[in-house]
Amino acid sequence: KRTVKSSVYKFGLMVVFFLFSFVGKTQTVTIGTGTTTQSYLPIYSCYGYNYSQQIYTAAEISAAGGTAGSNITTIAFKVGATAYSTANFLNWSIYLGNTGLNNFASTTGWVPLASMTNVWNGNIPTLTANGWMTITLTTPFTWTGGNLVVAIDENTASYTCTQAWYSFTATAAAGPRSILYYNDTTNPNPASPPTANYSTTTVRPQVQFTMIANTPCSGTPAPGNTLASLAAVPPGSSTTLTLQNSTPGNNVVYQWQSA
């Protein structure tokens with residue numbers, strides 16, 4: 001409903017209809033459950049600098065409700081029973097990548113930086129004990145349906161001993177599914193990381209993604225009828241415009257135009 005004041009003798013109106021070709025269904029995808037915690041992944045806060053990668057399988061993501069072709073818009077890690085100040089492990093860069101790897105070949109088998117997308121840089125939020133630390137990605141990432149690598153680069157030159165993170169244990173892979181380099185003085189370059197000094201074939205941090213599934217629209221929307229309280233509007237007068245029998249729904253936008 002809209003009231004229009006006219007400066008011309010007659011008022012004409014048309015409705016322009018827009019419909020996006022896809023409608024997004026939002027899914028919360030949580031991988032890993034339980035009460036077990038560990039301190040190494042996604043970062044080991046007891047050291048000044050960290051770089052880690054972990055692989056989550058297509059089967060794990062799909063079983064948690066993920067749909068191939070969805071856009072990942074947030075990532076979250078679950079904080080242990082004690083939430084420390086983040087001042088000494090504050091600055092993170094996050095990378096995501098679709099990968100054909102089921103596990104890392106070795107502690108030097110990092111997924112190349114060029115094979116991932118830098119989805120977020122900044123200071124992580126304040127932690128809440130037993131809660132999810134959620135980060136909204138600056139650059140949404142499309143999961144194509146295969147395995148997913150999550151890389152965390154922590155760049156704050158100090159440490160706090162020691163933040164714990166909720167984790168889960170899966171059947172051992174043929175090689176590591178998580179690798180980590182940590183050091184007090186050397187800040188690793190994700191483009192050429194050193195040999196990892198921690199790895200595990202079974203343990204990974206619990207992780208949660210918000211994924212928006214791209215579902216094609218169906219049907220033909222009705223533009224509706226435009227009604228005006230006055231068909232011809234003299235200068236200085238007003239008419240009220242309303243829309244009748246239109247198609248409601250997400251991503252359906254109507255625009256008024258006058259002539």
Side-chain angles (χ1 to χ4, degrees), residues 28-47 49-61 63-66 72-84 86 88-97 99 101-104 107 110-111 116 119-120 124-137 141 143 147-156 159-173 175-182 188 190 193 196-211:
T28 300
V29 175
T30 304
I31 301 174
T33 59
T35 58
T36 302
T37 61
Q38 48 76 45
S39 300
Y40 288 96
L41 300 162
I43 64 106
Y44 187 22
S45 71
C46 203
Y47 279 78
Y49 301 107
N50 288 259
Y51 182 61
S52 74
Q53 290 186 356
Q54 34 267 313
I55 293 172
Y56 296 93
T57 69
E60 290 169 336
I61 299 171
I72 299 174
T73 58
T74 73
I75 186 172
F77 296 100
K78 195 171 184 181
V79 178
T82 300
Y84 289 90
T86 60
N88 292 332
F89 53 96
L90 184 63
N91 186 260
W92 292 23
S93 292
I94 301 176
Y95 302 85
L96 297 178
T99 181
L101 294 177
N102 189 56
N103 54 263
F104 302 102
T107 53
W110 303 94
V111 173
M116 301 183 291
V119 294
W120 188 80
I124 61 173
T126 301
L127 305 184
T128 300
N130 299 312
W132 289 96
M133 182 197 76
T134 301
I135 293 170
T136 300
L137 305 184
F141 180 82
W143 175 59
N147 296 341
L148 179 72
V149 60
V150 177
I152 307 295
D153 182 29
E154 185 270 311
N155 298 291
T156 305
Y159 62 90
T160 295
C161 295
T162 305
Q163 181 59 58
W165 309 90
Y166 279 90
S167 61
F168 70 103
T169 300
T171 302
R177 282 234 171 102
S178 298
I179 53 178
L180 164 70
Y181 176 81
Y182 57 88
N197 44 16
Y198 176 82
S199 67
T200 172
T201 61
T202 57
V203 177
R204 282 162 294 161
Q206 295 181 24
V207 68
Q208 188 175 85
F209 303 107
T210 298
M211 303 178 77

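Excluded from the calculations below are hydrogen atoms, water molecules and symmetry mates; all remaining heavy atoms, backbone and side chain alike, are included. For the single chain, residues carry numbers from 1 onward in sequence order.
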Taking all atoms of both residues into account, what is the closest heavy-atom pair of [X] and [Y], and its distance?
X: Met211; Y: Gly66; answer: SD-CA, 4.0 Å
X: Thr162; Y: Tyr84; answer: O-CE1, 3.3 Å
X: Ala173; Y: Asn103; answer: CB-CB, 4.0 Å
X: Tyr49; Y: Pro188; answer: CB-CD, 3.9 Å
X: Pro190; Y: Pro193; answer: O-CD, 3.4 Å
X: Trp132; Y: Ala76; answer: CZ3-O, 3.6 Å

Just verifying a value: how many Å separate [X] [atom1] and [Y] [atom2], rounded to the nearest 0.5 Å?
X: Gln163; Y: Phe77; atom1: CD; atom2: CZ; answer: 13.0 Å
X: Trp165; Y: Lys78; atom1: CH2; atom2: NZ; answer: 13.0 Å
X: Ile124; Y: Thr134; atom1: CD1; atom2: OG1; answer: 11.5 Å
X: Thr30; Y: Glu60; atom1: OG1; atom2: CD; answer: 13.0 Å
X: Ile75; Y: Phe209; atom1: CD1; atom2: CZ; answer: 4.5 Å
X: Trp120; Y: Ile94; atom1: CH2; atom2: CD1; answer: 5.5 Å

Point to revise | Residue pair Ile72, Val119: steps toward the side-chain contact (heavy atoms from CB on, under 4.5 Å) verdict | key: CA-CA 10 Å; Ile72 299 174; Val119 294; over 6 Å; no
Review point. Salt bridge (charged side-chain N to carboxylate O under 4.0 Å, His left out) with Arg177: which residues, sequence neighbours excluded?
Key: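 Salt bridge (charged side-chain N to carboxylate O under 4.0 Å, His left out) list for Arg177, sorted by chain: empty.
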Test item: [X] side-chain N/O and [Y] main-chain N/O as donor-acceptor pair under 3.5 Å:
X: Glu154; Y: Ser45; result: no
X: Thr169; Y: Thr202; result: no
X: Asn50; Y: Tyr44; result: yes
X: Asn147; Y: Ala58; result: yes
X: Gln206; Y: Thr33; result: yes
X: Arg204; Y: Ile55; result: yes
X: Ser167; Y: Val203; result: no

Review point. In terms of ring plane angle, is the pair Tyr40 and Tyr182 parallel, tilted or perpendicular, where the classes change at 30° and 60°?
Key: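 Taking Tyr182 first and then Tyr40, their aromatic rings sit tilted (interplane angle of 30° to 60°).
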Point to revise | For Thr210, all residues meeting side-chain contact (heavy atoms from CB on, under 4.5 Å), sequence neighbours excluded | key: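 Checked Thr210 against side-chain contact (heavy atoms from CB on, under 4.5 Å); matches are Thr26, Thr73, Thr74.
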**Study point:** Test side-chain contact (heavy atoms from CB on, under 4.5 Å) applied to Ala83 - qualifying residues, sequence neighbours left out
**Key:**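 Ala83: side-chain contact (heavy atoms from CB on, under 4.5 Å) contacts with Val79, Leu127, Ala129.
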Check your understanding: Quick one: do the Asp153 and Ser93 side chains pair a donor with an acceptor below 3.5 Å?
Key ->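 Side-chain D/A pair, Asp153 to Ser93: absent.
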Exercise for review: Would you kindly say whether Ser52 and Gln54 are connected by a side-chain donor-acceptor distance under 3.5 Å?
Suggested key: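 Yes - a donor-acceptor pair under 3.5 Å links their side chains.
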Point to revise | Any side-chain heavy-atom pair of Tyr56 and Val29 under 4.5 Å | key: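 No, too far: nothing below the 4.5 Å cut-off.
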**Study point:** Sub-4.5 Å side-chain heavy-atom contact between Thr86 and Met133
**Key:**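 SC-SC contact between Thr86 and Met133 ruled out.
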Review point. Are Tyr51 and Trp110 close enough that their ring centres sit under 6.0 Å apart?
Key: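 Yes, the ring centres sit under 6.0 Å apart.
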**Study point:** Step-by-step side-chain contact (heavy atoms from CB on, under 4.5 Å) determination, Val149 to Leu101
**Key:** CA-CA 9 Å; Val149 60; Leu101 294 177; over 6 Å; no
Review point. Is the number of heavy atoms from other residues, nucleotides or ligands under 6.0 Å of Tyr198 OH greater than 12?
Key: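 For Tyr198, atom OH is crowded (more than 12 foreign heavy atoms under 6.0 Å).
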Exercise for review: Check the pair Tyr95, Val111 against side-chain contact (heavy atoms from CB on, under 4.5 Å), reporting the backbone distance first and the verdict last.
Suggested key: CA-CA 11 Å; Tyr95 302 85; Val111 173; over 6 Å; no
Practice item. Please test Leu96 against Trp143 for side-chain contact (heavy atoms from CB on, under 4.5 Å), starting from the C-alpha separation and ending with a verdict. Key: CA-CA 9 Å; Leu96 297 178; Trp143 175 59; over 6 Å; no
